[in-house]
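Working notes, structure below.
The basis for the numbers below is simple: all heavy atoms, side chains too, and nothing from hydrogens, waters or symmetry mates. What you see is a predicted model, and the numbers here were worked out from it, not measured in a lab.
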Amino acid sequence: MILLYMVFYACIEPYTPDIEEYMDLMVINGRITDKEGWHYVEVSRTSSYNNPIPKPVEDCDVKVFDDSGNTFQYTEESPGRYSCWIDKQYLVPGTRYRVEVLTEEGGVYRSTNDLMNACPDIDTIYYEVSEQASSNHLKPPYPGLQFYISTKESAGAISNFRWEME
């Protein structure tokens, strides 16, 4: 039994890719939903694969524009994290939004206009108890819940959805 354990254990070798090229790129991550409340944009820079550290970009001027001529000014609440309260009247499916970020160094980053699609109603939500295999074959699987969501959407409607569980 001990010999069998040693044979399986010896087969596991960590893999670390040899990545030398590193580009210092701007990353702008944000989302607009149809829910009134705080909306966020995070501005950061990429870090090296071999030294993954957060690199928030501070002191930016962050604005979101809609196709009706409204401008939403975001304020920095923590390093690289910008927020803005947007009222329900401005969060209408069918509206197009774009973000603009001006950095302290003079960089200008503008997205294209992106359409907020209407989200179909959720038809059913259910879960099943399941086991997920561990990445380490020597450890037993761990129990969990797998959630399923069904919607009824019309033909030609959106094909990508995002739900967050609270």
Inset, instruction - State yes or no: do Val99 and Val27 share one hydrophobic cluster built from I, L, V, M, F, W and Y residues joined by side-chain heavy-atom distances below 4.5 Å, directly or via other members? - result: no
Inset, instruction - Begin with the C-alpha distance, continue with both residues' side-chain angles, and end with the deciding distance and a verdict on side chain to side chain contact (heavy atoms under 4.5 Å, CB included) for Asp123 and Thr151. - result: CA-CA 5 Å; Asp123 183 44; Thr151 64; 5.6 Å; no
Inset, instruction - Could you tell me which non-hydrogen atom of Val129 sits nearest to which non-hydrogen atom of Leu145, and how far apart they are? - result: CG2-CD2, 3.8 Å
Legend entry - Considering all heavy atoms, the nearest Glu36-Trp85 contact: CG-CZ2, 3.7 Å
Inset, instruction - Mind checking the OG-OH spacing from Ser83 to Tyr74? Nearest 0.5 Å is all I need. - result: 8.5 Å
Inset, instruction - Return the orientation label for the Phe147 and Tyr127 ring planes: parallel under 30°, perpendicular over 60°, tilted otherwise. - result: tilted
Inset, instruction - Using only heavy-atom distances, determine whether the side chains of Gln146 and Ser130 contain a donor-acceptor pair under 3.5 Å. - result: no
Inset, instruction - Could you tell me which non-hydrogen atom of Tyr82 sits nearest to which non-hydrogen atom of Cys60, and how far apart they are? - result: OH-N, 3.0 Å
Legend entry - Asp87 (side chain) donor-acceptor with Gln89 (main chain) under 3.5 angstrom: no
Legend entry - Nearest-0.5 Å distance, CG of residue Asn70 to CD1 of residue Ile86: 10.0 Å
Legend entry - Nearest-0.5 Å distance that lies between atom CD in Glu58 and atom OG in Ser78: 9.0 Å
Inset, instruction - Would you check if the side chain of Asp67 reaches a backbone N or O of Arg96 as a donor-acceptor pair within less than 3.5 Å? - result: yes
Inset, instruction - Sort and list the pairs that fulfil ring pair (Phe, Tyr, Trp, His ring centres under 6.0 Å) and have at least one residue in residues 51-73, not counting sequence neighbours. - result: Phe72-Tyr90
Legend entry - SB check Asp24 Lys55 (cutoff 4.0 Å): yes
Inset, instruction - Considering non-hydrogen atoms only, spot the tightest contact between Glu104 and Asp59 and give its length. - result: OE2-OD2, 3.7 Å
Inset, instruction - Would you give the length of the straight line joining atom CG of Leu91 to atom CG of Asp66, rounded to the nearest 0.5 angstrom? - result: 9.0 Å
Inset, instruction - Give a yes or no on this: more than 12 heavy atoms of other residues, nucleotides or ligands lie within 6.0 Å of atom NZ of Lys139. - result: no
Inset, instruction - Give the C-alpha distance, both sets of side-chain angles, the deciding distance and a yes or no for side chain to side chain contact (heavy atoms under 4.5 Å, CB included) between Gln73 and Val62. - result: CA-CA 6 Å; Gln73 179 70 54; Val62 177; 5.5 Å; no
Legend entry - Check: Thr33 side chain, Lys35 main-chain N or O, donor-acceptor pair, under 3.5 Å: yes
Inset, instruction - Could you tell me which non-hydrogen atom of Ser47 sits nearest to which non-hydrogen atom of Pro52, and how far apart they are? - result: OG-CA, 3.4 Å
Legend entry - Heavy-atom check, side chain of Asn117 versus side chain of Pro93, under 4.5 Å: no
Inset, instruction - Kindly write out the residues that satisfy ring pair (Phe, Tyr, Trp, His ring centres under 6.0 Å) with Tyr142, not counting sequence neighbours, or none if the list is empty. - result: none
Inset, instruction - Starting at OG1 of Thr103, measure out to OH of Tyr109 and round the result to the nearest 0.5 Å. - result: 5.5 Å
Inset, instruction - Would you verify whether the NZ or CZ of Arg81 falls within 45 degrees of the ring axis of Tyr40 while also being under 6.0 Å from that six-membered ring's centre? - result: yes
Legend entry - Atom of Arg98, atom of Thr112 and distance for their closest heavy-atom approach: CB-O, 3.6 Å
Legend entry - salt bridge (Lys or Arg N to Asp or Glu O under 4.0 Å) against Glu76, all qualifying residues, sequence neighbours excluded: none
Inset, instruction - Tell me whether Tyr97 is reachable from Leu115 by hopping between hydrophobic residues (I, L, V, M, F, W, Y) whose side-chain heavy atoms are closer than 4.5 Å. - result: no
Inset, instruction - Evaluate side chain to side chain contact (heavy atoms under 4.5 Å, CB included) for Val64 paired with Thr71, printing each intermediate quantity in order. - result: CA-CA 6 Å; Val64 169; Thr71 302; over 6 Å; no
Inset, instruction - Report yes if some heavy atom in the side chain of Arg45 is under 4.5 Å from a heavy atom in the side chain of Met26; otherwise report no. - result: yes
Inset, instruction - Would you confirm whether Ser44, through its side chain, and Val57, through its main-chain N or O, come within 3.5 Å as a donor-acceptor pair? - result: no
Legend entry - Salt bridge present between Arg110 and Glu100 (N-O < 4.0 angstrom): yes
Legend entry - Derivation and outcome, side chain to side chain contact (heavy atoms under 4.5 Å, CB included), residues Ile32 and Met116: CA-CA 8 Å; Ile32 295 277; Met116 179 192 294; 3.4 Å; yes
